[in-house]
Amino acid sequence: MDIAIRSLQHQSPPTTMLTARKAPRACQSCRLQLLSLFEYGFTNPTKTVSRARYSTILEPRPRTFQPRNNAPLRRFTSARVALEDFKPAVAEPSPADIEAVVREARQTFGETLPKDYLSAEEYTLYERLYGPPVRETRPEDLEYLPVGEEEIEEADVRNVLLRENGDGEYEEIEFDPALGYTVEHEDRLFAEEVVMEDEAQEEAIGFDSEEGINVEVESALPDVPEPVAEASEDSGIRVQGRNQREVDAIARLQKDMDAAMARAAEEEEEDIDEEYEEEIEEEEEELEEDEPDAYVDSDAIRSHPHTLAARSGTFPATVSLPREQIIEPISELLARTNIKHIREAAEKVFGGPGLPYSTMIPSTKKHLPQRHIGLDAAQHRMSEVDADAYLAAVMPGTYAAVVSTIVETRKRLGAQWLRDLLLRKGEGPRVLDAGAGGGGAIAWREVLQAEWDVMKEEGLVKRDTAPIGKTTVLTGANTLRHRISRMLENTTFLPRLPDYVHASRSKVHIDGADPQARKVYDIVIAPHSLFPLKEEWRRKQLVENLWSLLDPKGGVLILLEKGLPRGFEAIAGARELLLENHISSPHDTTTENEIESSASDHARFRDKEDGMIVAPCTNHTKCPLYLTPGLSSGRKDLCHFSQRFIRPPYLQQVLGASVRNHDDVKFSYLAVRRGVDARKAATPILQGDAATDQSFEGYEEYDLPVVEGEVQEPSDIKFNSLALPRAILPPLKRRGHVTLDLCTPSGKLERWTVPKSFSRTAYRDARKSKWGDLWALGAKTRVHRSARLGHGLEQSGKGGKMKGVRDGRQGKGGKKVKKNKFNVIMGPDGFEGIEQDRSQSKFVRPEKRTKGGRIWKGPPKPIGEDDI
């Protein structure tokens, strides 16, 4: 009898096939035992290859193999019998078999049931035992069993035989292939031939050598887990179940799940998964912040070129103070004093814990009254500990805000403006720090050095350090000046600003000496200088003086205040003053003086100068958030921006913070340029409604950068960031659209909506936009947005109420407010004088009083005849 055994160790579950040719029916138990010994390596069973499969059970129940009762009958015939023609007899299931199938279905699928899994008779029994199923079994109900594949090493497979010794025990004997067996791996025969001694007996019986019967017997070992039916799919996932019926049901569920996943994939291609895209974008932003030195990032590649040009703010978005210029010198200065004393002084000057009256405004202190910074760099009296508190609490936030405004000014004016100042012969840039206490000058030098490094990479310069030029810093107190001088070299310190507005215009002084040349600066930085001034005329005088200090050929003035309604109103008032008296517009080129006198050198009307607003406004009309001049009560909308910076260690100690190491400084600012107007250039920029309409249409297809190998059609529409609307609030990101609150070039507040259907590029860039950015890619819809400006507040109490004044009475006791009245005396020649009204004489006439405080009425009058 020839016996051939196949080992399918690497492709499918271990199965064994026994083929007998021209032999009488052998003993089934003997064949099973022999096959098991060859297949499982006798004492060392072969490791099976594990695969990921779907199953509804974690571990199959072990049971003993039961031999088949209805074995097929042999056919004695001289013709070859094909295996496909052999059909075993099918017996009708007994009630016990039906109950077993039902219980297995309940155990396998739980309270659910696959469609058409049970027959009608089985389903009836199922409902009687467990009730109707909850629902039809779904693909997600399958249990996925990820099992790592194990590799089979050839050294683990041994060929041994078991031999019984005299004691009745079995011992291992190495198998020798010379006995007639050959071992092969992969898909070849495990044993090609086994020559048996029964061959002569087979021929004696009279069977033809070419005729025979093929019989397949499933092999199993006693006391092993129950064999399970399995089916391999094309996807590489193997389905496992207790019987073929379970395998078919699970396979159908798997196909349904694959079809559902395919449909979901198709829908996902048509409809962008926005939530996933937002997560990816946030991860990209974090990676970009972690690698600030990467010149080319994914965001720069995916964003539109005009979007990149219109973005504001620094890169990276969080500003770190320079260690050599600020952190190390200030840390060395503060090391002389106990940090506890500095903290107490800072809290006393800046409003208590959290320092709400410094550059930072804690969220827990927003309910406090609006006040300016407790210490001013221009004040003339400042103690030693107050100077240390100023450096520790005010300098970091001021530096971050000034850096943000200078960077935005450089973006709007272009790199050429800064490079012309650096390459100017004779002297470098001239800068005046008029309120930052040296922080503005340090920020200016950092921006200059960054631009110089770019020029060096381009091969335009060779030096390592940028030319500093002339730096002037306003410091009123000697204590502050001595500290700032350690951080700034080649710097001039002024105790107060020169007043060129009211200075004499004569060419020769009284003593006959020639007058000195007026000092002018290329850039004047004046943070936190207007808010401390309560009187409006003093603010106007300071703005006029700062404007006179600018170079008439392109000087830039930067005004900056705290991001509060009062700080914004100070900036907006300065903006309105400059537009009315100094900066000319196409339809407004002259201004009228307030006082006309024959002795005055000023004419009634005079021409305005060329100039322009650089940032943040892109219009030269009335501010839509400052329609009524003066103070207002209940203002909710104001034009302000934010800049994040890393706190230095000494500021962390002053604040007593241990969790967060950064702050967001909020500020309102204005950057104007004197003597240069881009609206009058050879290629003028759009203004007013025309600029707003073109921005609403978008510049996505216009004036794109030239790319090698691409031909662009010429267009009359030119892109300029100074003609774009600016976002005054953070964008509202919703599913399918983004809403932007913009201040347009026409001087109006509008709300633009950028849906996904408008433009995929515009929609993506709108989701990436930030507070303060300019918008260049248009929108689909726009509506007018009303501003919450509150109501006006006047000093007299009309139109609003001053704090502490109630119905003409002042203070808690309600004391009547005194009002002085005067009368104008007019004579035949006109005005003669002013006298106090008689009704007010009792309030101002000096009265002689006694020691007890009573009014002295003089000596007693003698009694006369009239008194009788």
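- Nearest heavy-atom pair across Ala776 and Leu724 is CB-CD1, 3.8 Å.
- Annotation: the span from Leu749 atom CG to Ser786 atom OG amounts to 9.0 Å, rounded to 0.5 Å.
- Under 4.0 Å is where a charged nitrogen must lie from a carboxylate oxygen, and between Arg644 and Asp663 no such pair does.
- Partner of Ile406 under the side chain to side chain contact (heavy atoms under 4.5 Å, CB included) criterion, out of Val447, Leu418, Thr314: Val447 alone.
- Geometrically, Arg782 engages Phe696 in a cation-pi contact defined by less than 6.0 Å to the ring centre and at most 45° from the axis.
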(request) Take Leu742 and Ile728 through the side chain to side chain contact (heavy atoms under 4.5 Å, CB included) test and state the conclusion after the steps. (result) CA-CA 6 Å; Leu742 305 175; Ile728 59 174; over 6 Å; no
(request) Could you walk me through whether Leu422 and Met455 pass side chain to side chain contact (heavy atoms under 4.5 Å, CB included), step by step? (result) CA-CA 10 Å; Leu422 290 171; Met455 297 172 62; 3.9 Å; yes
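- When Arg674, Arg679, Arg673, Lys680 are each tested for a side chain to side chain donor-acceptor pair (under 3.5 Å) with Asp610, only one passes: Lys680.
- Taking every heavy atom of both residues into account, Ser312 and Lys411 meet most closely at C-NZ, 3.8 Å.
- Counting heavy atoms from C-beta outward, Met612 and His620 have side chains that approach closer than 4.5 Å.
- One finds no salt bridge joining Asp765 and Arg302 here, because no Lys/Arg side-chain nitrogen approaches an Asp/Glu carboxylate oxygen to under 4.0 Å.
- Taking 4.5 Å as the limit, every side-chain heavy atom of Asp607 sits out of range of all side-chain heavy atoms of Thr589.
- A donor atom on one side chain and an acceptor atom on the other are found under 3.5 Å apart for Glu700 and Ser759.
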(request) Report the C-alpha separation of Arg311 and Ser769 in whole Å, then their side-chain angles, then the decisive distance to 0.1 Å, and conclude whether the side chain to side chain donor-acceptor pair (under 3.5 Å) test is met. (result) CA-CA 8 Å; Arg311 285 182 179 172; Ser769 63; over 6 Å; no
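- Test Thr405, Val614, Ile571, Leu557 against Leu670 for side chain to side chain contact (heavy atoms under 4.5 Å, CB included) and you get one pass: Ile571.
- The existence of a salt bridge linking Arg410 and Glu451 is confirmed by a sub-4.0 Å separation between a basic side-chain nitrogen and an acidic carboxylate oxygen.
- For the residue pair Asp453 / Gln449, a side-chain donor-acceptor distance below 3.5 Å is found, with atom types taken as modelled.
- Atom CG in Leu789 sits 9.0 Å away from atom SG in Cys623 (nearest 0.5 Å).
- Of the charged side-chain nitrogens involved, at least one lies within less than 4.0 Å of a carboxylate oxygen, so that Arg412 and Glu408 count as a salt-bridged pair.
- Contact of the Leu421 side chain with the Leu448 side chain is not registered, since no non-hydrogen atoms from C-beta on lie closer than 4.5 Å.
- Ring centers of Tyr763 and Phe758: at least 6.0 Å apart, outside the cut-off.
- Checked by atom type and distance alone, the side chain of His306 never pairs as donor or acceptor with a backbone atom of Glu701 at under 3.5 Å.
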(request) In sequence, state the C-alpha distance, the side-chain angles, and the governing distance for Ser632 and Glu569, and then conclude on side chain to side chain donor-acceptor pair (under 3.5 Å). (result) CA-CA 9 Å; Ser632 62; Glu569 290 165 357; 2.6 Å; yes
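- Nearest heavy atoms, Gly747 versus Pro624: O-CB, 3.6 Å.
- One side chain, Glu750 or Trp752, offers a donor N or O that lies under 3.5 Å from an acceptor on the other.
- Of the possible donor and acceptor atoms, none in the side chain of Lys622 sits under 3.5 Å from a partner among the backbone N and O of Thr628.
- Between Asp773 and Arg726, none of the side-chain N atoms (NZ, or NE/NH1/NH2) sits under 4.0 Å from a carboxylate O, so this pair counts as no salt bridge.
- In this structure, the separation between OG1 on Thr409 and CD1 on Ile523 is 6.5 Å, given to the nearest 0.5 Å.
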(request) Before giving the answer on side chain to side chain donor-acceptor pair (under 3.5 Å), spell out for Glu544 and His582 the whole-Å C-alpha distance, their side-chain angles and the decisive distance to 0.1 Å. (result) CA-CA 9 Å; Glu544 294 277 359; His582 296 282; 2.6 Å; yes
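- Using a 4.5 Å heavy-atom threshold, the side chains of Arg575 and Leu579 count as touching.
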(request) May I have the step-by-step check of side chain to side chain donor-acceptor pair (under 3.5 Å) for Gln694 and Tyr702, ending in yes or no? (result) CA-CA 11 Å; Gln694 182 58 45; Tyr702 301 107; 5.2 Å; no
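- A donor-acceptor pair is defined here as one N or O able to donate and one able to accept, closer than 3.5 Å; no such pair exists between the side chain of Tyr521 and the backbone of Val556.
- The pair Asp551-Lys553 does not meet the salt-bridge criterion, since no charged nitrogen lies less than 4.0 angstrom from a carboxylate oxygen.
- You'll find the side chain of Leu777 reaches within 4.5 Å of the side chain of His304, heavy atoms only.
- Under the 3.5 Å distance criterion, the side-chain polar atoms of Arg606 are matched with a main-chain donor or acceptor of Asn581.
- Side chain to side chain, Thr744 and Ser746 meet the donor-acceptor criterion of an N or O pair below 3.5 Å.
- Between Thr359 and Gly397 the shortest heavy-atom distance is OG1-CA, 3.5 Å.
- Side-chain atoms of Thr692 come within 3.5 Å of backbone atoms of Gly688 as a donor-acceptor pair (strictly under, hydrogens ignored).
- Checking side-chain atoms of Lys562 against main-chain N and O of Ile361 turns up no donor-acceptor pair under 3.5 Å.
- The residue from Leu740, Leu732, Val738, Thr781 that alone fulfils the side chain to side chain contact (heavy atoms under 4.5 Å, CB included) condition with Thr753 is Thr781.
- Here the side chain of Glu561 pairs a donor or acceptor atom with the backbone of Leu530 at under 3.5 angstrom.
- Summarising the geometry, atom CD1 belonging to Ile442 is positioned 11.0 Å from atom OG1 belonging to Thr398; distances are rounded to the nearest 0.5 Å.
- One finds the OG atom of Ser695 at 8.5 Å from the CG atom of Asp693 (value rounded to the nearest 0.5 Å).
- Taking 4.0 Å as the cut-off between side-chain N and carboxylate O, Lys540 and Glu576 do not count as a salt-bridged pair.
- Side chain of Ser584 to backbone of Thr590: no donor-acceptor contact under 3.5 angstrom is found.
- Remark: side-chain polar atoms of Asp703 are paired, donor with acceptor, to backbone N or O of Phe719 under 3.5 angstrom.
- Counting non-hydrogen atoms of neighbouring residues, nucleotides and ligands closer than 6.0 angstrom, the NZ atom of Lys748 reaches no more than 12 such neighbours.
- Closest heavy-atom contact between Pro745 and Asn619: O-CB, 3.0 Å.
- Not a single donor-acceptor pair under 3.5 Å links the side chain of Asp637 to the backbone N or O of Ala787.
- Under the 3.5 Å distance criterion, with hydrogens and angles disregarded, a donor-acceptor pair is assigned to the side chains of Trp547 and Glu609.
- Side-chain contact of Arg518 with Ser548: a donor-acceptor pair under 3.5 Å is absent, judged by distance alone.
- Considering CG of Leu564 and OG of Ser668, their distance stands at 8.0 Å, rounded to 0.5 Å.
- Note: His640 and Trp771 meet the aromatic proximity criterion, with ring centroids under 6.0 Å apart.
- Here the shortest heavy-atom pairing between Tyr669 and Ala615 reads OH-CB, 3.6 Å.
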